[in-house]
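Everything below concerns the one structure shown next.
Residue numbers run from 1 in the order of the sequence given. If you're wondering where the values come from, they're calculated on a predicted model, not measured in any experiment.
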Amino acid sequence: MTQPRLGFIGIGLMGDPMTRRLLQAGFAVTVWNRTPAKAEPLQEAGATLASSIAELVQRVDVVMLCLANTAVVEDVVFGEGGVAAHGRAGQRLIDLSSSDPEATRVFAEKLEEECGMRWVDAPVSGGVAGAEAGSLAVMCGGAEADVEAVRPLLTPLSARVTHMGPVGAGQVTKVCNQMIVGCQAAVIAEMVALAEASGVEASRLTEALAGGFADSKPFQILTPRMAASEYADPAWHLRTLLKDLDMAMAQSQRAGSATPMSGLAAQLMRAHVNHGNAEHDPATLVEAYRRKEA
C-alpha cells in the first residue's frame, strides 16, 4: 500500500526532530517554514522544501502543523494563501500544536466547509527529547475514522497515541497535562529555594526524592537546572508554558470548572515573564524566590 505524502509546517524545536523521525520511517515529507533557513537543513535528511504553503498542500495527502500558538495556526490555515485556500477533499490536517480547544473545533468545521479537509488535533507531550527519541505521548481529537487513518503517521513520533474524543478533545487533554506541568514548575521553584535557604544542598534533591511520590519528569528536568542556575539552551520557554496555562483558564471558564491552583501558577509566571523572562527556561522561576545579596 502506498504511503501517504506528508507536508510539515513549523520547523522549530519540536518540528525539526519530528520531521526527521518521519523521514527515517520512510515517509516522503515536504516542509515549509516562515523562516526558510530553519527548514533548509532538512534537505540533507531527505525532505523537499516548498516555496509556499500552496506548493506544499498541492504536493501532499496529509498536512501536519507544529506551530507556536492558536493565532499562528489560524493564520497558516486560513490566512491569505493558507492551507484552506488550496486544500481538497480527501486530505487531512493534523495539528500537533498546543492550541485552544474551542478555536480548534471552530477551525475544523470551517476547514471542512471551505475545502473538504478533515481535522485531527494531536498535541504532544514529552518535549524535544521525546521528539528526538520518538517517545512522545500524543492525545488525539477527531472522528474515529480520521484518527485511525493518521495513527500510522504518528507511530514514528510516539510511544503512545490515545484517541480522547471528537475534535478538540486532544487539546483539552493537553491543557490538563499543562496544568500539572505548570503547577509543578511553580512549586519546584519554591521547593529548591526553601531547601537552599534551609542549608540543604539542592543539587541532591533529585537523588533523594527519586522513585518517591514527588518524582516526575518536570522534577527530574527542572530541579538540577534550578539548583545549578543553569539556564542556557532551554528546551522550552516560559512564554509557552504561560500560554498553555492561560488556555486552561479560558477552558475552565467555558466549562464552569474551578482551577485556582493553575490560575495562581499562571499569575506567578506572568509576573516573571513581565520581568523579561518570556524567552527563558521555566527553571528561572527559582530566581523569584532566592534571597538577593545586599
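- Contact record, R21 with A133: NH1-O, 3.5 Å, taken as the closest heavy-atom pair.
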Got a list of side-chain donor-acceptor pairs under 3.5 Å for residues 36-44, not counting sequence neighbours?
none

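- Within the 3.5 Å criterion, the main-chain N or O of G168 finds a donor-acceptor partner in the side chain of D121.
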Contacts under 3.5 angstrom, residues 197-212 side chains, donor-acceptor by atom type, not counting sequence neighbours:
residue : atom : partner : partner atom : Å
S198    : OG   : L194    : O            : 2.8
E201    : OE2  : S203    : OG           : 3.0

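- Under a cut-off of 6.0 angstrom, the local environment of CZ in R160 is sparse, with at most 12 non-hydrogen atoms contributed by other residues, nucleotides or ligands.
- Residue pairs meeting the ring-ring contact (aromatic ring centres under 6.0 Å, His included) criterion with at least one partner in residues 210-229, sequence neighbours excluded, do not occur; the list is empty.
- Distance alone, capped at 3.5 Å, is enough to place a donor-acceptor pair between the R5 side chain and the R59 backbone.
- Other residues, nucleotides and ligands contribute more than 12 heavy atoms inside 6.0 Å of the CD atom of Q24.
- Qualifying side chain to side chain donor-acceptor pair (under 3.5 Å) partners for T104, counting only residues two or more places apart in sequence or in other chains: none.
- Not counting sequence neighbours, the partners of E102 by the side chain to side chain donor-acceptor pair (under 3.5 Å) test are R105.
- Within the 4.5 Å cutoff, side-chain heavy atoms of V63 are placed close to those of M117.
- Looking at M18 and P156, their side chains never come closer than 4.5 Å, going by heavy atoms from C-beta outward.
- By the side chain to side chain donor-acceptor pair (under 3.5 Å) test, Q253 is found to be paired with no residue, residues two or more places apart in sequence or in another chain being considered.
- With S99 contributing its side chain and T70 its backbone, the two residues share no donor-acceptor pair below 3.5 Å.
- To the nearest 0.5 Å, the span separating CG on D244 from CZ on R239 amounts to 10.5 Å.
- For A149, the side chain to side chain contact (heavy atoms under 4.5 Å, CB included) partners at least two apart in sequence or on another chain are R92.
- Of the possible polar contacts, one joining the N274 side chain to the R270 backbone as a donor-acceptor pair under 3.5 Å is found.
- I188 and L241 fall within the same hydrophobic cluster, where Ile, Leu, Val, Met, Phe, Trp and Tyr residues are linked whenever their side-chain heavy atoms come under 4.5 Å apart, directly or through other members.
- Under the side chain to side chain donor-acceptor pair (under 3.5 Å) criterion, S125 pairs with N177, not counting sequence neighbours.
- When atom types are taken as modelled, the side chain of K174 and the backbone of M139 share no donor-acceptor pair closer than 3.5 angstrom.
- Residue pairs meeting the ring-ring contact (aromatic ring centres under 6.0 Å, His included) criterion with at least one member in residues 59-94, sequence neighbours excluded, are F78-F107.
- A distance of 9.0 Å separates OG1 of T240 from CD of Q178, quoted to the nearest 0.5 Å.
- Follow the hydrophobic side-chain contacts under 4.5 Å out from V72 and you reach L93 in the same cluster.
- In this structure, CD on Q184 lies 3.5 Å from OG on S216, to the nearest 0.5 angstrom.
- Within the 4.5 Å cutoff, the side chain of M249 has heavy atoms near those of the S262 side chain.
- Between the SG atom in C115 and the NZ atom in K110 there is a gap of 11.0 Å [rounded to 0.5 Å].
- Nearest heavy-atom pair, P17 versus A131, reported as atom, atom and distance to 0.1 Å: CG-CB, 3.7 Å.
- For the pair R20 and D16, the minimum side-chain heavy-atom distance is below 4.5 Å.
- Cluster annotation: L23 is connected to L96 through the hydrophobic network of ILVMFWY side chains, with a link wherever side-chain heavy atoms come within less than 4.5 Å.
- Residues L6 and M64 meet the side-chain proximity criterion, which asks for heavy atoms closer than 4.5 Å.
- In this structure, CG on L65 lies 5.5 Å from OG on S97, to the nearest 0.5 angstrom.
- E55 contributes a side-chain N or O that, together with a main-chain N or O of S51, makes up a donor-acceptor pair within less than 3.5 Å.
- With hydrophobic clusters built from ILVMFWY side chains whose heavy atoms lie under 4.5 angstrom apart, V73 shares a cluster with L56.
- The backbone N or O of I9 sits nowhere less than 3.5 Å from a side-chain atom of R34 that would complete a donor-acceptor pair.
- The side-chain heavy atoms of L285 and M269, taken from C-beta on, include a pair separated by under 4.5 Å.
- Considering every non-hydrogen atom in both A122 and L154, the closest pair reads CB-CD1, 4.5 Å.
- The closest donor-acceptor contact from the side chain of H280 to the backbone of Y231 lies at 3.5 Å or more, if one exists at all.
- For the pair V62/I94, a side-chain contact is recorded, criterion being any heavy-atom separation below 4.5 Å from C-beta on.
- Side-chain contact check for D100 and Q171: no donor-acceptor pair (N or O, by modelled atom type) lies under 3.5 Å.
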Chi angles and distances behind the side chain to side chain contact (heavy atoms under 4.5 Å, CB included) call for D95, W119: CA-CA 8 Å; D95 184 19; W119 191 295; 3.9 Å; yes
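- Within the structure, no pair that satisfies the ring-ring contact (aromatic ring centres under 6.0 Å, His included) test touches residues 155-208, not counting sequence neighbours.
- Residues D246 and A266 approach most closely at OD1-CB, 4.3 Å, considering heavy atoms.
- In this structure, the side chains of D281 and L222 come closer than 4.5 Å at one or more pairs of heavy atoms.
- Residue pairs satisfying the ring-ring contact (aromatic ring centres under 6.0 Å, His included) criterion with at least one member in residues 191-211, sequence neighbours excluded, are absent.
- Hydrophobic side-chain contacts under 4.5 Å tie Y289 into a cluster, directly or through other members, with L264, L268.
- Between G15 and C66, the shortest heavy-atom distance links the atoms N-SG, 4.2 Å.
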Could you walk me through whether T284 and R225 pass the side-chain hydrogen bond (donor to acceptor under 3.5 Å, both in side chains) check? CA-CA 9 Å; T284 60; R225 291 177 71 84; over 6 Å; no
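- L22 and L153 make their closest contact through CD2-O, 3.3 Å (heavy atoms, listed as atom of the first residue, atom of the second, distance).
- The structure places CG of L245 at 11.5 Å from CE of M261, a figure rounded to the nearest 0.5 Å.
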Before giving the answer on side chain to side chain contact (heavy atoms under 4.5 Å, CB included), spell out for V161 and C140 the whole-Å C-alpha distance, their side-chain angles and the decisive distance to 0.1 Å. CA-CA 7 Å; V161 177; C140 289; 3.8 Å; yes
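- Looking at D61, its side chain never comes within 3.5 Å of a backbone N or O of Q91 through a donor-acceptor pair.
- In the hydrophobic clustering of ILVMFWY residues, with side-chain heavy atoms under 4.5 Å counting as a link, M14 and V120 come out together.
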